[in-house]
Undergrad: 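Below is a structure I'd like to ask you about.
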Amino acid sequence: SAYPFSANSVCQPAMSAQVPTSRDNSVKFISALLGSAVAAHLYAEPALSFVANGRPALRQGGAAGPKGAAASQRVRRCRGAIVQGETSVDLSGGFWSLPVFVAGCGLLTWTQLRRRQMQRRTGCKAVLDIQSGEQQPWPRRGLLQGTGAAALSSMVAPAEAEEVVKTPEVLQGAQTSANDDSWVQYDLNTGETLYDIDFDELDPNHGFVVGAHGLFYETKDGGKRWVSRSFANLGKGSDEISYRFQTVSVKGNDVWIVGKPPLLLHSKDSGKSWKKVAVSRKLPGEPKVIVALDGGKAEMATSSGAVYQTANDGKNWKSTVTETVDATLNRVSSNGVQGASYFTGSVKSIKRDTAGKYLAIAQRGNFYLTYTPGDTRWVPHNRISARRIQAMGFRDTSNGDKWEGVWMSLNGGLLTQTTQGGYNDLGSDTKELFKESEIRTGGIGIVDAAFRTATEGWAVGGSGVIYYTKDGGKIWSFDNSGNELPCNLYTVKFFDKGKVGYMLGSAGILLRKTFAA
């Protein structure tokens with residue numbers, strides 16, 4: 001797949017870890033019985049054990065006498081089998097058997113409770129070293145120039161709204177205008193993974209959510225109520241294709257959706273009707289990210305690093321880079337970019353900021369790349385340590401404050417950032433630029449982060465973990481809003497100049513929080 005997350009990553013272990021099964025109870029009961037039997041035999045006298053020839057022998061230190069001899073003879077008659085009935089043993093010396101039995105049961109109970117507690121925290125741990133699908137490297141050095149990269153195709157229209165989904169706040173009649181103390185979960189009545197969300201900056205009340213298996217929701221009241229929509233004729237003939245909508249972008253009347261298998265949808269009337277834009281097979285890579293620029297204009301980036309722009313609703317596309325990422329690496333790999341020779345031809349994630357800059361991570365996470373408007377090619381950069389790069393993003397603020405720099409998460413739950421602009425310079429010393437943040441993740445990786453203001457930011461990851469910072473990213477604290485979430489959180493975004501925030505994850509999880517201006 002072209003997206004870093006898998007649609008089958010619903011966290012079943014976390015769900016099952018919360019409810020003990022009857023099998024677990026049986027195991028506990030049998031363990032308690034075995035524990036009591038072992039305790040009785042170990043502390044009773046005489047204690048029996050079997051030697052190599054299969055005959056019973058007194059344990060060293062056991063009492064010798066008539067009772068021990070009788071027990072030994074009784075076991076000899078069984079020839080190694082368990083004797084039916086009671087063995088005549090003297091328990092007068094086993095005074096400590098009962099306390100040991102009680103202590104053993106207590107230890108078993110404590111162990112089970114501890115194990116269940118750990119499962120709640122780690123049972124839903126994300127498979128954070130996410131791999132995208134196999135993508136063959138584009139063999140040509142140059143990109144497809146000019147027109148012909150995509151053309152208009154057949155019309156597809158969304159079906160009528162299937163369901164209206166309300167938040168717990170609305171259902172309970174609570175005030176929704178006040179600021180939320182914590183993140184509130186919205187029930188979208190789906191178990192599919194949610195991948196992206198976007199709101200129209202010209203109309204903050206109008207937004208869309210997309211996800212796995214063609215999941216598509218729309219809101220027109222700022223996210224208080226969501227309407228489920230579907231496309232009836234995306235497949236060809238009788239073939240049912242399960243598309244994964246991975247990116248959505250809206251501005252004014254223009255709405256764009258990128259899907260997998262390669263799919264590009266466009267609406268010119270705010271989502272009322274749609275056109276399917278044909279994707280050329282000669283396109284380097286697969287569509288991965290698209291940004292609506294209004295007035296029929298849009299910019300799209302592919303998994304191979306190709307960047308295209310359209311000014312006529314997708315009829316024609318023009319490339320802005322002269323070569324793919326792998327072609328660039330063939331020229332600069334000898335200049336000290338570690339891991340360039342292992343490049344598979346595609347990137348596992350790619351992000352764009354409001355100024356048109358791009359950040360991309362190599363499939364294996366062993367280096368990252370940047371692209372700046374006006375340049376003709378991507379610039380590769382070394383990772384900052386032996387740990388592979390998990391995710392990266394810009395430090396753009398939702399409220400519009402100017403803030404330079406990017407953040408980077410590494411495998412093992414490390415989070416770093418830089419406030420300097422040299423992160424995109426060729427040959428920059430990334431080890432000196434990026435500084436490690438203070439955050440206690442317990443090894444759970446950070447998948448996404450976003451800054452609401454220049455000082456306040458939020459980060460999400462596996463097992464529903466949520467962190468926040470109040471000092472610009474130097475120190476991060478744990479937020480317990482996701483403690484009971486049986487999922488992984490993949491995306492965090494802010495809209496309406498930082499007044500509203502959203503978090504998306506597996507199992508259909510959508511969290512929302514309102515903030516003061």
Side-chain angles (χ1 to χ4, degrees), residues 1-3 5 7 147-162 188 190 192-200 202-203 206-220 226-237 239-281 283 285-303 306-317 350 352 491 504:
S1 68
Y3 202 79
F5 305 117
T147 63
L152 285 175
S153 185
S154 59
M155 293 285 296
V156 290
E160 295 296 327
E162 297 177 353
L188 296 183
T190 179
E192 302 295 343
T193 299
L194 308 181
Y195 288 138
D196 197 18
I197 184 172
D198 195 32
F199 280 80
D200 184 6
L202 305 178
D203 180 11
H206 189 207
F208 297 89
V209 168
V210 295
H213 292 91
L215 185 144
F216 178 38
Y217 285 89
E218 181 180 12
T219 180
K220 295 184 178 180
W226 293 89
V227 176
S228 174
R229 299 191 180 278
S230 62
F231 296 92
N233 54 336
L234 283 181
K236 297 180 180 179
D239 296 335
E240 293 294 334
I241 301 178
S242 180
Y243 286 101
R244 177 173 60 191
F245 296 160
Q246 54 193 26
T247 303
V248 60
S249 181
V250 52
K251 187 171 184 180
N253 293 326
D254 285 320
V255 188
W256 295 83
I257 294 178
V258 169
K260 175 73 178 183
L263 175 71
L264 188 59
L265 300 175
H266 178 224
S267 173
K268 297 191 295 183
D269 53 10
S270 300
K272 297 181 179 64
S273 61
W274 294 79
K275 289 183 179 180
K276 183 177 179 181
V277 181
V279 179
S280 173
R281 293 184 178 181
L283 183 72
E286 299 176 347
K288 199 169 186 67
V289 174
I290 193 166
V291 177
L293 303 177
D294 199 11
K297 299 179 181 179
E299 185 171 281
M300 176 184 66
T302 74
S303 58
V307 180
Y308 289 95
Q309 292 181 345
T310 181
N312 54 5
D313 300 316
K315 295 180 181 178
N316 306 105
W317 297 84
I350 184 170
R352 180 188 188 274
T491 304
L504 309 180

Undergrad: For M300 and W317, work out which heavy atoms get closest and say how close.
TA: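 So the minimum-distance heavy-atom pair works out to CB-CZ3, 4.0 Å.
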Undergrad: Under a 3.5 Å distance rule, please check whether D254 uses its side chain to pair with a backbone N or O of G296 as donor and acceptor.
TA: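 Yes; judged by distance alone, with no hydrogens or angles, the pair exists.
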Undergrad: Looking only at heavy atoms, what is the nearest atom pair of G314 and T310, with distance?
TA: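 Shortest heavy-atom separation between G314 and T310 comes out as N-OG1, 3.0 Å.
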Undergrad: Quick one: does any side-chain atom of T491 pair with a main-chain N or O of D196 as donor and acceptor, under 3.5 Å?
TA: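 Here the side-chain-to-backbone pair does not exist.
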Undergrad: Please give me the minimum heavy-atom distance between H266 and V277, naming the atom from each residue.
TA: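 Looking at all heavy atoms of both residues, the shortest contact is CB-CG2, 4.2 Å.
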Undergrad: For F208 versus G271, what's the shortest heavy-atom pair and its separation?
TA: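 Taking every non-hydrogen atom into account, CZ-CA, 4.4 Å.
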Undergrad: Under 3.5 Å, is there a donor on one side chain and an acceptor on the other for S270 and N253?
TA: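 Note: S270 and N253 side chains meet the donor-acceptor criterion.
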Undergrad: Measure across W226 and G207 and return the closest heavy-atom pair with its distance rounded to 0.1 Å.
TA: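 Reported closest heavy-atom pair: CZ3-O, 4.1 Å.
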Undergrad: Of all the heavy-atom pairs spanning I350 and A301, show the shortest one and how long it is.
TA: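 Nearest pair, atom of I350 first, then A301: CD1-CB, 3.7 Å.
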Undergrad: Is Y217 reaching over with its side chain to a backbone N or O of L188, donor-acceptor style, under 3.5 angstrom?
TA: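 Present.
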Undergrad: Donor-acceptor check, side chain of D200 to backbone of G252, threshold 3.5 angstrom: yes or no?
TA: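 A pair under 3.5 Å: yes.
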Undergrad: Charged N to carboxylate O below 4.0 Å: is that the case for K268 and D313?
TA: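 The answer is yes: the pair qualifies as a salt bridge.
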Undergrad: Heavy-atom distance under 4.5 Å between the side chains of V255 and W274, does that happen here?
TA: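 A side-chain contact exists here, since the closest heavy-atom pair is under 4.5 Å.
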